[in-house]
Amino acid sequence: MNDILPGEIETWQFLETTARQVFGAYGFSEIRTPAVEKTELFCRSIGETTDIVEKEMYTFDDKSSNSLTLRPEGTAPVMRSFIQNKLHTLDPVSKLYYTGPMFRYERPQKGRYRQFHQIGAEVLGVEDAKIDAQVLAMLHQYFQEIGIQSVSLQVNSLGCPECRPAYRQQLIDYLEERLDRLCDDCKRRYQTNPLRVLDCKVAGCKEATVDAPAMLEHLCNGCDEHFTTVKRHLNALEIPFAVNSRMVRGLDYYVRTTFEMVTDQLGSQNAVAAGGRYDGLVESLGGPALPGIGFAIGVERLVLMKGDEKVAPEVPKLFIAALGAKAQDEAFLLMSRLQAAGVRAEMDYQGKSLKAQMRRANKLNAEYTLILGEDELNAGCAQLKNMADSSQQEVALTQLAEVLATAG
Ligand code: HAM
């Protein structure tokens with residue numbers, strides 16, 4: 001779990017502000033849900049046999065012996081809130097986005113943390129493939145706007161409760177014949193979560209399953225048509241993508257379209273964003289039978305990809321240096337008025353020497369400085385110095401805010 005400090009936070013703010021702008025244009029509204037939910041919510045939605053639920057949740061009993069969990073992801077809480085607040089009665093289509101910390105007890109490494117942040121979006125109420133393409137178009141545009149080009153979109157279809165069980169059985173049969181070549185983890189989970197075996201990073205498992213049957217070849221007509229239409233819309237919108245028939249997601253709620261934005265810049269943590277369709281999830285949690293689709297972006301991974309390309313922190317517009325107690329009081333008033341008018345202004349609070357005050361102005365990268373002494377107070381005006389080119393101009397103290405507003 002990491003602190004995010006001044007100097008780093010500007011990049012975070014840029015990533016979040018851009019999300020608000022882009023998602024807003026696509027008609028999304030923000031939703032904020034608590035960081036803690038009943039444990040049962042995650043077991044029922046993410047799936048009992050997933051890594052997240054089996055090994056990675058921060059779960060504890062509160063003082064009334066309710067089992068609570070720090071949210072490991074945002075979709076289930078948003079669904080819980082959607083149902084509880086009957087949002088479907090307000091609008092047949094809900095487009096929601098969220099940002100915030102998620103918690104998973106994973107082995108930390110570059111790009112993988114125990115508290116991490118997601119920017120996510122969910123659409124409820126639309127089954128049509130156009131919304132799959134729209135959600136992907138929005139994600140694609142977001143990456144364009146934040147200036148990250150080196151990602152590629154991979155899409156897959158995981159079928160539905162109609163076609164997946166037969167495929168699943170076929171995969172189990174296939175794996176059973178190769179059991180001796182699988183790692184211990186896969187030997188244990190091939191019955192309960194056979195798709196996960198396709199995603200195993202162990203070389204032996206990869207080799208043993210190169211010719212495993214693919215879900216894409218076993219889609220029912222409805223799923224096949226849906227996937228074909230998603231691809232057609234993506235092509236029409238000129239969104240580059242590749243089909244990856246081995247893409248498996250670590251959460252059980254997905255049906256039909258799934259996708260990941262991947263990069264080769266982050267080592268093994270190659271997914272910077274991921275998501276898919278989860279028709280059936282809302283109903284399984286006790287809500288109306290509404291389809292849903294969404295994604296979540298890993299903010300730490302975006303920050304890593306932005307690398308040295310940091311967003312510059314804001315600097316003071318003006319630093320007021322003051323000499324003597326009277327001038328310091330006046331500087332304090334001037335600074336406070338400027339701040340109240342929205343101008344980033346600074347001064348020294350410690351009665352330091354002029355030299356020390358100017359050092360601080362330089363350190364803070366102030367755009368302008370103003371030196372206030374007895375003479376300036378008497379005259380009611382002072383020299384405003386542009387720190388970039390050292391040029392000076394005389395300004396009346398009463399005009400300071402106006403002059404700074406027009407100064408570049
Ligand atoms: P997820 O694939 O588990 O999906 O996570 C989405 C993204 O969160 C990942 O692609 C990654 O960028 C980031 N992420 C996940 N775990 C960590 C970690 N330990 N440290 C840093 N970043 C991490 C979900 O969470 C789904 N709720 C996405 C979704 C929304 N599907 C439909 N709607």
Side-chain angles (χ1 to χ4, degrees), residues 1-2 4 12 15 19 23 28 31 33 37 41-42 45-47 50-53 55-58 70-82 94-124 126 131-132 135-136 138-139 142-143 146 148 151-156 158 196 199 247-263 265-282 285 291-306:
M1 300 190 187
N2 298 307
I4 309 160
W12 286 73
L15 295 171
F23 297 3
F28 283 70
I31 182 167
T33 65
E37 297 277 351
L41 172 68
F42 300 114
S45 52
I46 298 172
T50 57
D51 281 355
I52 297 180
V53 170
K55 313 187 228 176
E56 297 170 1
M57 296 208 301
Y58 282 91
L70 293 182
R71 62 180 180 193
E73 58 106 48
T75 308
V78 170
M79 296 310 115
R80 195 263 316 132
S81 173
F82 176 85
S94 297
K95 295 180 178 177
L96 304 164
Y97 77 87
Y98 51 90
T99 66
M102 310 291 158
F103 306 84
R104 295 185 193 173
Y105 190 78
E106 294 196 81
R107 201 157 40 80
Q109 53 176 267
K110 183 180 172 194
R112 190 161 78 189
Y113 310 100
R114 289 181 172 173
Q115 173 177 295
F116 61 98
H117 296 74
Q118 287 186 341
I119 298 176
E122 315 287 353
V123 182
L124 290 144
V126 189
I131 204 75
D132 304 44
V135 159
L136 288 167
M138 183 168 92
L139 190 59
Y142 178 68
F143 277 88
I146 60 172
I148 292 183
V151 281
S152 52
L153 173 64
Q154 300 192 343
V155 296
N156 192 17
L158 292 182
R196 206 77 199 128
D199 195 36
M247 185 206 299
V248 172
R249 303 281 300 117
L251 307 97
D252 280 357
Y253 49 60
Y254 291 113
V255 293
R256 294 194 163 175
T257 318
T258 50
F259 52 86
E260 286 187 350
M261 280 280 201
V262 295
T263 175
Q265 286 183 10
L266 296 177
S268 57
Q269 305 311 309
N270 65 345
V272 273
R277 203 165 249 291
Y278 45 81
D279 307 346
L281 177 59
V282 177
L285 294 173
I293 180 166
F295 62 77
I297 306 166
V299 185
E300 280 79 0
R301 295 185 187 179
L302 296 184
V303 173
L304 280 171
M305 288 189 75
K306 291 297 275 177

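Just follow the structure's listing: the first ligand is 1, and inside any ligand the first atom is 1.
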Scan side-chain atoms only and decide if Thr75 and Glu122 contain a donor-acceptor pair under the 3.5 Å cut-off.
->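 A pair is found: one side chain offers a donor N or O, the other an acceptor, under 3.5 Å apart.
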Apply side-chain contact (heavy atoms from CB on, under 4.5 Å) to Asp199 and list each qualifying residue two or more places apart in sequence or on a separate chain.
->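 Once residues adjacent in sequence are excluded, the partners of Asp199 under the side-chain contact (heavy atoms from CB on, under 4.5 Å) criterion are Arg196, Lys201, Val248.
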The salt bridge (Lys or Arg N to Asp or Glu O under 4.0 Å) partners of Arg256 (sequence neighbours excluded) come to Glu127
Please list, chain by chain and in numerical order, all residues satisfying salt bridge (Lys or Arg N to Asp or Glu O under 4.0 Å) with Asp252, sequence neighbours excluded.
->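 Once residues adjacent in sequence are excluded, Asp252 has no partner under the salt bridge (Lys or Arg N to Asp or Glu O under 4.0 Å) criterion.
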List, for ligand 1, each N/O atom that has a protein N/O partner under 3.5 Å away, with both atom names and the distance.
from	atom 1	to	atom 2	distance (Å)
ligand 1	2 (O)	Arg249	NH1	3.1
ligand 1	2 (O)	Arg249	NH2	2.7
ligand 1	3 (O)	Arg104	NH1	3.0
ligand 1	3 (O)	Arg104	NH2	2.9
ligand 1	4 (O)	Arg249	NH2	3.1
ligand 1	5 (O)	Gln118	NE2	3.3
ligand 1	8 (O)	Gln118	NE2	3.2
ligand 1	10 (O)	Ala271	O	3.3
ligand 1	12 (O)	Ala271	O	2.9
ligand 1	12 (O)	Val272	O	3.3
ligand 1	12 (O)	Gly298	N	3.4
ligand 1	16 (N)	Arg104	NH1	3.4
ligand 1	19 (N)	Glu106	OE2	2.7
ligand 1	19 (N)	Tyr113	O	2.9
ligand 1	20 (N)	Tyr113	N	3.0
ligand 1	25 (O)	Arg104	NH2	3.2
ligand 1	25 (O)	Gln118	NE2	3.0
ligand 1	27 (N)	Glu73	OE1	2.5
ligand 1	27 (N)	Thr75	OG1	2.8
ligand 1	27 (N)	Tyr253	OH	3.0
ligand 1	31 (N)	Tyr254	OH	2.6
ligand 1	33 (N)	Thr75	OG1	3.2
ligand 1	33 (N)	Glu122	OE1	2.8
ligand 1	33 (N)	Glu122	OE2	3.1
ligand 1	33 (N)	Gly294	O	3.4
ligand 1	33 (N)	Phe295	N	3.3

Taking the side chain as C-beta and beyond, is there a heavy-atom pair between Tyr142 and Ile119 under 4.5 Å?
->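 Yes, close enough: below the 4.5 Å cut-off.
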Find out whether the Lys NZ or Arg CZ of Arg114 is both under 6.0 angstrom from the six-membered ring centre of Tyr105 and within 45° of the ring's axis.
->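 The answer is yes, since Arg114 meets both limits relative to Tyr105.
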